[in-house]
There are 2 protein chains.
Amino acid sequence: MKCSFTSTKPRGRPREFDPDAALGNALKVFWKHGYEGASLAELTEAMGITKPSLYACFGNKEALFKKALDLYERDKLAYIGKALEAPSARGVAERLLNGSLETYCGSAGAQGCLGVISLVANTTEAASIREHVIARRKSSETALIARFERALAEGDLPPGSRPEALAQCLFTILQGLAVKAQADTTRAELEMVIGTFLAMWPSR
Amino acid sequence: MKCSFTSTKPRGRPREFDPDAALGNALKVFWKHGYEGASLAELTEAMGITKPSLYACFGNKEALFKKALDLYERDKLAYIGKALEAPSARGVAERLLNGSLETYCGSAGAQGCLGVISLVANTTEAASIREHVIARRKSSETALIARFERALAEGDLPPGSRPEALAQCLFTILQGLAVKAQADTTRAELEMVIGTFLAMWPSR
DNA sequence: AACATTTCATACCAGGCGGTATATAGTGCG
DNA sequence: CGCACTATATACCGCCTGGTATGAAATGTT
């Protein structure tokens, strides 16, 4: 995050591309192919820059991926934060499920969840990326657990409910939806799963 | 499938390894790293043979993978067929969930579901493998739907239940469990998810 | 023993990978 | 202008990938 008021004018040749736009295009490629599946050749082509420009601006492939992951979570996963603000536990679940549907079935050809893709695909190397993704997801889980604990305290969930169990179960469905979105599944089928799950969801 | 009674004695030098055992070891590697993530070097080392032996016996990497996938489904996914024989719809769900737990948390370090790994990881190439995996999964889904349709007709599910919706929802949880098993999740956490989901499951 | 046949082990191949050296072109400053 | 500085484009690097050519070793047949 550049502090614009401290940065003086650059002295050298100005770069000819927009790093934010380039990062957005890199995100699309990672989203489609995963970390290891995305080659430098495809990345640079999609970003419209050459390899030296990429390395000068973003460091290396791993650093680029982490920045793309940050962008992904800031833009595409914003619905998670919004969902937690729903007034009821059921509303949280609804927003979470429907929000994931929008994200996983993006208008672009890209489908599925970048986090899941990166988690499952990168068994070989890039342990640091695995840990990165796992840590991010874990923080979301704890936030959801806390939200459900509040709901239980407020009488918004049936007495005796286990917030942790409900949160984990909900996240499991979300991850399953991500896998299904990656396969041939249609949006209508995902909506059916969401509806079925919400019908099972405990009501106050 | 060799027809032993038509095969005469081999004329050349006998092979020094057991193809079945080698295939089993190849399966472990694919299970850990996915199709693209498993390199010939690691495969041959685990199988205890050299590359020319691998190609002479199994064809190429893709053919080897498909044979490993067959073995996987025959051995590791046998619980799916068994689950469908359960007397009640709830029993089917229980066996399916607990069976997946056993498979995904195998005693060996390998975890997760080979199908899910191959489906999610292979976005780049190997479209034929994607289709292979998707087709296999689809056949399991239709079998489960049929089983739940029978359950509905037998009054084993609440009237008005939608067999297809229940089956899809159950499979979504199964796939979510596979993802969770791939991450850092402990077996106890997976058991908690299963218990929570079964508590939500419609009872007659 | 000589042969045909099959497997084995070593070395090798072209191609793609992530990453970089180098030289040129474009900018603000003095 | 010349200078310091940074981005650009091209070409290149070592390494690993999936896949193979080749010759030796081990069998059954004649």
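Naming: A, B, ... by sequence-line order, numbering from 1 per chain.
- When the P atom of D:dT17 is taken as reference, atom CD of A:Glu36 falls 11 Å away, rounded to whole Å.
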Might you list the N or O atoms of the protein lying below 3.5 Å from N or O atoms in nucleotides 7-11 of chain C, with each pair's distance?
| from | atom 1 | to | atom 2 | distance (Å) |
| --- | --- | --- | --- | --- |
| C:dT7 | O4' | B:Arg13 | O | 3.3 |
| C:dT7 | O2 | B:Arg13 | NH1 | 3.2 |
| C:dC8 | OP1 | B:Glu16 | N | 2.6 |
| C:dC8 | OP2 | B:Ser53 | OG | 2.9 |

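- Rounded to the nearest 0.5 Å, atoms CZ (A:Phe148) and CG (A:Leu166) are 6.0 Å apart.
- Here the C1' atom of nucleotide D:dG18 and the CZ atom of B:Phe30 are 12 Å apart, to the nearest Å.
- Atom OH in A:Tyr55 sits about 16 Å away from atom P in D:dT8, given to the nearest Å.
- Considering only side-chain atoms of A:Ala41, the nucleotide from C:dG19, C:dC17, D:dG19 that sits closest is C:dC17.
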Name the atoms and distances for all side-chain donor-acceptor pairs under 3.5 Å in residues 74-92 of chain A, with sequence neighbours left out.
| from | atom 1 | to | atom 2 | distance (Å) |
| --- | --- | --- | --- | --- |
| A:Ser88 | OG | A:Gly91 | N | 2.9 |
| A:Arg90 | NH2 | A:Leu198 | O | 2.4 |

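- Note on ring orientation: taking the six-membered ring where Trp is involved, the planes of B:Trp31 and B:Tyr72 are perpendicular (angle over 60°, cut-offs 30° and 60°).
- What separates CE of B:Met47 from C1' of D:dG18 is a distance of 15 Å, to the nearest Å.
- Rounding to whole angstrom units, CG of residue A:Leu54 and C1' of D:dT8 are separated by 14 Å.
- For A:Arg11, counting side-chain heavy atoms from C-beta on, the closest listed nucleotide (D:dC5, D:dG18, C:dA4) is D:dC5.
- Between A:Leu43 and A:Phe30, the shortest heavy-atom distance links the atoms CD1-CZ, 3.8 Å.
- In this structure, B:Leu43 places its CG atom 10 Å from P of D:dT17, rounding to the nearest Å.
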Show me the side-chain donor-acceptor pairs of residues 60-67 of chain B shorter than 3.5 Å, one per line, residues at least two apart or across chains.
| from | atom 1 | to | atom 2 | distance (Å) |
| --- | --- | --- | --- | --- |
| B:Asn60 | OD1 | B:Glu62 | N | 3.4 |
| B:Asn60 | OD1 | B:Ala63 | N | 2.9 |
| B:Lys61 | NZ | B:Tyr35 | O | 3.0 |
| B:Lys61 | NZ | B:Ala38 | O | 2.7 |
| B:Glu62 | OE2 | B:Lys66 | NZ | 3.4 |
| B:Glu62 | OE2 | B:Ser128 | OG | 2.6 |
| B:Lys66 | NZ | B:Ser128 | OG | 3.4 |

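- When rounded to the nearest whole Å, the span between CZ of A:Phe65 and P of C:dG18 equals 14 Å.
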Test A:Glu42 against A:Lys32 for salt bridge (Lys or Arg N to Asp or Glu O under 4.0 Å), laying out the working first. CA-CA 11 Å; A:Glu42 192 170 359; A:Lys32 204 174 296 185; over 6 Å; no

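- Rounded to whole Å, atom C1' of D:dC13 lies 14 Å from atom CG of A:Leu40.
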